[in-house]
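Accompanying notes for the structure given below.
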Amino acid sequence: MERTVGGEETNKNHGNDGQAPTQGAFESALNEVTQLITDERTKSNINAERTRQDFNLTMWDKKTTGGLKDLDRIKLAAIYRNATSVFEWGLGESSFIAAEVGVP
């Protein structure tokens, strides 16, 4: 028997008898959520629904004092527009650029 952080006893097979270890609760939940996400993406074809837009520097009116230069803005917008996966967090100009090009 093995004690978990919550104090519950478990009978976890650690593979000492030549068998593969049994799957724990976290691994089981992770696999279930991963399968659900995969199924949803397959059903809705989420990548086809995303439309990214071009960035027009001459029309850009949200320049801040955060340190981005025009070449930085153009490069960042191109990265955001062409990326298949983006994590953008913050409240600065880069977040505004991400929203402008269509990062969800």
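For clarity, every value in this text was computed on a predicted model and none was experimentally measured.
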Can you establish whether the number of heavy atoms outside Lys75 located under 6.0 Å from its atom NZ is more than 12?
no

Is there a side-chain contact between Arg52 and Val103 (heavy atoms, below 4.5 Å)?
yes

Could you give the distance from NZ (Lys63) to CG (Asp61), rounded to the nearest 0.5 Å?
10.0 Å

Presence of salt bridge, Asp70 and Arg73, under 4.0 angstrom:
yes

Let me confirm one number: the CD-CD distance from Glu100 to Gln53, rounded to the nearest 0.5 Å.
6.5 Å

Do Ile79 and Phe96 sit in the same hydrophobic cluster, where Ile, Leu, Val, Met, Phe, Trp and Tyr count as joined when their side-chain heavy atoms come under 4.5 Å apart?
no

Once you round to the nearest 0.5 Å, how far does CD1 of Ile97 lie from CD1 of Ile74?
9.5 Å

Mind listing the closest non-hydrogen atom pair of Leu76 and Ser94 along with its distance?
CD2-CB, 3.4 Å

